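Here the structure is a predicted model, which means the values were calculated and not measured.
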Amino acid sequence: MATTLPIVYVKQNSTVEDHDFYLRIINFPEFWLVLAVVGFAMSAVTVVSNAVLLFTIYKNPRQSFRTPPNFLIANLSSSEFLLGILVVFLVALRDVFRYLRLPVPYVEELKVFIYIVVSITLFVSSATIIAMSLTCYVAINNPMVYKTRITTRRIKILIALIWIVALLISFLPATNLPEKTYTLIYFHTHVSLPAILLTVTYVNVFRALSRRTHEARRSFKDTAMGRRHNFTRERKMVKTIITVLALFYITYIPQYITLHLLYFCEGCQESVTFHEIDVVLSRFLFLSSAIDPFIYAWRIPKYRRALRDCWKMLKKQIKFPI
């Protein structure tokens with residue numbers, strides 16, 4: 001049975017005055033300790049994997065990453081690097097204070113800062129993933145026009161627009177916009193719309209891939225090697241599509257549901273158990289930032305080759321004292 005709080009207690013303390021609201025209602029030090037350990041681990045993986053990826057793209061000796069898809073991967077990695085170093089680490093540090101039963105210094109300022117950075121980086125990440133899926137669809141469905149439609153200049157403009165829109169959305173609360181209106185905007189721009197667009201786009205990607213694979217099989221109908229090549233390509237693409245969609249749903253949808261319940265369900269606002277679940281699910285938002293580099297870059301051979309080239313280049317440039 002869920003532990004509940006009196007309605008008056010929740011309403012009086014829902015805005016932090018001299019203490020942390022969650023520190024008051026969740027009185028389990030071990031709960032915060034586990035979250036802190038997991039948070040520092042996710043922060044380390046996110047920062048290191050994305051930093052190495054950005055360095056590899058920037059220092060790539062073969063200069064093979066100056067293409068539209070790779071600019072999108074770099075943009076995704078940049079937003080997730082910022083999330084890891086500015087948010088995930090600070091959230092884990094805040095959990096340490098909660099574990100020690102100490103008031104979090106500058107709790108209101110920290111809350112606003114974390115909220116703004118999370119809003120910006122998550123929007124940039126989801127919008128960039130959508131853009132990557134659309135470029136994938138164009139490349140598979142109509143490869144003849146891919147290079148004329150998906151140009152480096154257009155991708156750079158798109159990236160700039162994504163960041164501008166993200167900044168505008170994150171500062172909406174500074175206006176007199178009603179809280180309910182902003183909450184609905186946040187729900188749909190960060191979760192609902194990306195989920196619909198990703199699902200529709202990847203369904204079309206799968207259909208286009210199946211059609212082109214069928215055409216290729218007819219062209220290579222007398223060649224066993226051709227059939228194996230297309231089957232392997234199709235299987236890898238399907239695995240990637242399923243992984244991307246599953247990761248998006250697993251990391252975004254749970255928090256999307258709890259935010260709705262927190263906003264529209266008065267009984268949930270009174271439940272300590274619900275707040276514990278909400279806190280745990282909020283950490284799921286950071287999980288994709290730690291995993292994305294391995295989905296979009298490190299599983300691709302050319303990125304691994306570029307990393308090895310960069311490492312060899314660094315070893316030649318760095319002279320260790322004897």
Side-chain angles (χ1 to χ4, degrees), residues 42-89 117 120-140 143 146-167 194 198 201 205 236-237 239-241 243-244 247-248 251 286-318:
M42 282 198 298
S43 176
V45 174
T46 301
V47 171
V48 172
S49 61
N50 284 288
V52 172
L53 177 57
L54 289 171
F55 178 79
T56 302
I57 293 174
Y58 178 72
K59 283 289 189 179
N60 174 32
R62 304 185 187 189
Q63 299 295 312
S64 60
F65 293 149
R66 302 298 187 263
T67 60
N70 292 304
F71 277 111
L72 289 173
I73 290 177
N75 188 56
L76 177 65
S77 185
S78 299
S79 67
E80 294 179 340
F81 174 80
L82 292 176
L83 183 70
I85 200 169
L86 295 179
V87 174
V88 184
F89 178 80
V117 178
I120 293 173
T121 54
L122 290 184
F123 179 87
V124 171
S125 296
S126 59
T128 304
I129 291 173
I130 292 170
M132 292 166 64
S133 65
L134 290 173
T135 59
C136 178
Y137 172 70
V138 175
I140 294 175
Y146 174 79
K147 290 186 178 180
T148 58
R149 290 184 181 178
I150 311 298
T151 63
T152 299
R153 181 174 178 274
R154 289 180 177 178
I155 291 299
K156 289 181 178 179
I157 293 173
L158 176 62
I159 290 172
L161 289 175
I162 288 174
W163 282 96
I164 291 172
V165 173
L167 286 169
L198 277 176
T201 301
V205 166
K236 288 182 178 179
M237 180 63 72
K239 285 184 178 179
T240 301
I241 291 172
T243 303
V244 170
L247 182 62
F248 184 87
T251 55
F286 308 146
L287 185 61
S288 62
S289 299
I291 299 176
D292 280 344
F294 300 95
I295 294 178
Y296 294 104
W298 297 127
R299 68 181 184 85
I300 301 175
K302 72 174 182 178
Y303 278 94
R304 296 197 295 269
R305 287 195 298 268
L307 178 60
R308 287 195 294 268
D309 292 342
C310 289
W311 176 244
K312 293 177 182 177
M313 181 180 64
L314 284 175
K315 286 199 297 184
K316 291 180 180 179
Q317 293 178 352
I318 298 176

So do [Y] and [X] actually touch side chain to side chain, heavy atoms under 4.5 Å?
| X | Y | value |
| --- | --- | --- |
| Ile155 | Leu72 | yes |
| Phe286 | Thr251 | no |
| Phe81 | Thr46 | no |
| Glu80 | Pro293 | yes |

Is it the case that the side chain of Ser133 and the backbone of Ile130 share a donor-acceptor pair, with hydrogens and angles ignored and the cut-off at 3.5 Å?
yes
Mind checking what makes side chain to side chain donor-acceptor pair (under 3.5 Å) contact with [X], not counting sequence neighbours?
| X | value |
| --- | --- |
| Thr121 | none |
| Thr128 | Asn75 |
| Ser77 | Asn50 |
| Ser125 | Ser79 |

List in chain and number order the residues that pass ring pair (Phe, Tyr, Trp, His ring centres under 6.0 Å) with Tyr137, two or more places apart in sequence or in another chain; answer none if no residue qualifies.
none
Ring pair (Phe, Tyr, Trp, His ring centres under 6.0 Å) filter on Phe123, not counting sequence neighbours, yields His190
Sequence neighbours left out, what passes side chain to side chain contact (heavy atoms under 4.5 Å, CB included) with [X]? Give chain and number order.
| X | answer |
| --- | --- |
| Lys156 | Phe71, Thr152 |
| Ser78 | Leu54 |
| Ile157 | Arg153, Leu161 |
| Val48 | Val52 |

Residue pair Leu247, Asp292: steps toward the side chain to side chain contact (heavy atoms under 4.5 Å, CB included) verdict:
CA-CA 9 Å; Leu247 182 62; Asp292 280 344; 3.3 Å; yes
For residues [X] and [Y], report the shortest heavy-atom separation together with the two atoms involved.
| X | Y | answer |
| --- | --- | --- |
| Arg149 | Arg154 | O-NH1, 2.9 Å |
| Ile150 | Thr135 | CG2-CG2, 3.8 Å |
| Pro143 | Ala139 | CB-O, 3.3 Å |

Under the side chain to side chain contact (heavy atoms under 4.5 Å, CB included) criterion, do Ile295 and Val244 qualify, and how do the steps go?
CA-CA 8 Å; Ile295 294 178; Val244 170; 4.1 Å; yes
Euclidean distance, Ile129 CD1 relative to Leu134 CG, rounded to 0.5 Å:
12.0 Å
Rounded distance (nearest 0.5 Å) linking atom CG of Leu53 with atom CG of Leu76:
8.5 Å
Take atom CZ of Phe89 as the centre, draw a 6.0 Å sphere, and report whether it contains more than 12 heavy atoms from other residues, nucleotides or ligands.
no
